[in-house]
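The chains referred to below are lettered A, B, ... by the order of the sequence lines, with proteins before strands, and numbering in each begins at 1.
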2 protein chains.
Amino acid sequence: MENGDVDRTLTLLWRRTLGVPQGSRGPKQRFSVDEVLQAGIAVADEEGLPAFSMRKVADRLGLKLMSIYTYVPSRDELIGLMVDEVMGEPGLPPHEGTWRERLTVVARQMWDEFHRHPWLLQVEQSRPWIGPNGSDRYEWQLAAIEGAGFTDLEMDQTITLIGDFTTASARADVAARRMAEQSGISDAEWWAVNAPVLDRLMPPGAYPISGRVGTAAGEEYNAVRDSERSFRFGLDRIFDGLDHMLATRPSNDG
Amino acid sequence: MENGDVDRTLTLLWRRTLGVPQGSRGPKQRFSVDEVLQAGIAVADEEGLPAFSMRKVADRLGLKLMSIYTYVPSRDELIGLMVDEVMGEPGLPPHEGTWRERLTVVARQMWDEFHRHPWLLQVEQSRPWIGPNGSDRYEWQLAAIEGAGFTDLEMDQTITLIGDFTTASARADVAARRMAEQSGISDAEWWAVNAPVLDRLMPPGAYPISGRVGTAAGEEYNAVRDSERSFRFGLDRIFDGLDHMLATRPSNDG
DNA sequence: CCTAACTCCGTATGCCTTACGGTATTTGGT
DNA sequence: ACCAAATACCGTAAGGCATACGGAGTTAGG
């Protein structure tokens, strides 16, 4: 990756504030960058990131493979642009209520987004591109807890904490759904295949606590693991912990 | 994936309890499954999962490409076996101290493991293979909070919470380290390249809170983001939240 | 001693990204 | 009005990947 490529990708990311840099000579491009991104997002939504290829994006637009490279420098950069693009979809509603309610909205927005675009969880961003929608969202997320009593440092750490947990939780849920839907094997069917083999392989009595806890979880949930409920459980614990931190602070003006 | 493949992979995972199923005719295999896994782990450690290929595993053993397929059914299954293999490396020390201290050990073990084998974070396990080391670890993790006052359901949710958060936190840290080390671009250098471009592209004054918080974080940390510290921050909040749940429980015998 | 079973491997298929060069098209400059 | 530069689009090819298939050599059970 060259220095100029950084410049080019950042310029593409922020194209709405400066306009797409395009020379006036030569033929006009048949599509806009936005249309290429929408095609890419559609492919990724339908087939996931491993099956995402430049050829499929080109096919969807009626272009030939190599023409895509006149719009974006490479596959990785295209994906980076797609990420910032979908981050602009949900909009940023004005904050209301307590910081708990606000943070719930923040977390729920991420959770929903990961379910709308599961491939976001498969993106390996070695380099975090700083785009307009990501920047807007981070500002909005910080605004959710502005004035709640956190220090600046804690504000960053809190948003990081919520984001990290939500990401991991959504990852587990999406993986479970993918296993159930894509392979046509439900949770119960999967266990039906695995259980007899495991019965034969596992040393009997080796997992007393797991067995007990697993049975309890299986009876309580409608599935082996209810990710939605685990998500709310974790969120509630984290909120209680943040509450405790704010409440026990020496100089706390509310 | 056929039904028989499930059987074969599970049998390979639990090979230590039943032995590797091998017919007696024909030539003996030059290597053991363990040696193949060690070769695979070495390749993944050195080059990461995207660059992990069957050819490189074969080269490392002095075998030709296709011979690997007589040891493991496919690339995905090999990776699944590698995952369970590394989960057996650290051992499971006996639990001591309070549940807070125990859960800290549990989280720290995962955190360290992700840093020892960063490719674990890149594994896309559409199907969670149930292997001996993973099962042993889950049992050990549950034992850490056995008798602390959690219900069976909460035990599972708590371990999930700690695991989810640790995974996401480690992912952020590993990504940052990779960016710094692998590309030879330090945190400061990356900003030195990006900042001038962003100064030109970003609408001035658009990000007041981000600017203030980012400055605070930059001054407090030695880097832009101190993942180790964010990790401890999140863990402390979660522990406080769990503490609050246990303390406010109606029938709480301690 | 024969043959079934097994290991190892050569070849081939069909994906993928992307470098490079060619051709057609558009427009600024003269 | 015309030329040359710039640009979009695309064909080809190189080099990578997983893995299906079949063949050659090797071992041991009957």
Query raised in the report: Leu63(A) near the nucleic acid: base, sugar-phosphate alone, or nothing, with a heavy-atom cut-off under 4.0 Å?
Result: sugar-phosphate
Report summary line: Arg25(A) atom CZ is separated from dT27(C) atom P, nearest whole Å, by 11 Å
Query - Between C1' of dC6(C) and OH of Tyr71(B), the distance in whole Å - result: 12 Å
Query raised in the report: Taking for each residue the nucleotide of DNA chain D with the nearest heavy atom, is it Lys28(B) or Asp76(B) whose nucleotide lies nearer the 5' end?
Result: Asp76(B)
Report summary line: Smallest heavy-atom separation, Leu49(B) atom then Ile79(B) atom, equals CD1-CD1, 4.1 Å
Query raised in the report: Looking only at N and O atoms, is any donor in the side chain of Arg75(B) or the base of dA18(D) less than 3.5 Å from an acceptor on the other one?
Result: no
Query raised in the report: In whole angstrom, what separates Leu65(B)'s CG from dG10(C)'s C1'?
Result: 10 Å
Report task. Mind checking Ser53(B) for me? I need base, sugar-phosphate or nothing, with any heavy atom below 4.0 Å counting as a touch. Result -> sugar-phosphate
Requested in this report: Given side-chain contact (heavy atoms from CB on, under 4.5 Å), test Glu113(A) with Met87(A) step by step and report yes or no.
Outcome: CA-CA 8 Å; Glu113(A) 181 163 276; Met87(A) 289 214 290; 4.0 Å; yes
Report task. Indicate, with a heavy-atom threshold strictly under 4.0 Å, whether Phe31(A) touches base, sugar-phosphate, or nothing. Result -> nothing
Query - Minimal non-hydrogen separation, Ser210(B) against Tyr138(A), with atom names - result: OG-CD2, 3.6 Å
Query raised in the report: Atom CD of Glu47(B) to atom P of dC17(D): distance rounded to whole Å?
Result: 9 Å
Query raised in the report: Which is true for Met66(B) with a 4.0 Å heavy-atom rule: it touches a base, it touches only sugar-phosphate, or it touches nothing?
Result: base
Query raised in the report: Charged N to carboxylate O below 4.0 Å: is that the case for Arg8(B) and Glu77(B)?
Result: no
Query raised in the report: Whole Å only: how far is the CG atom of Leu61(B) from the P atom of dC8(C)?
Result: 10 Å
Query raised in the report: For the pair made of CG in Asp59(A) and P in dC9(D), what is the distance, rounded to whole Å?
Result: 15 Å
Requested in this report: In whole angstrom, give the distance that lies between atom CZ of Phe52(B) and atom P of dG16(D).
Outcome: 18 Å
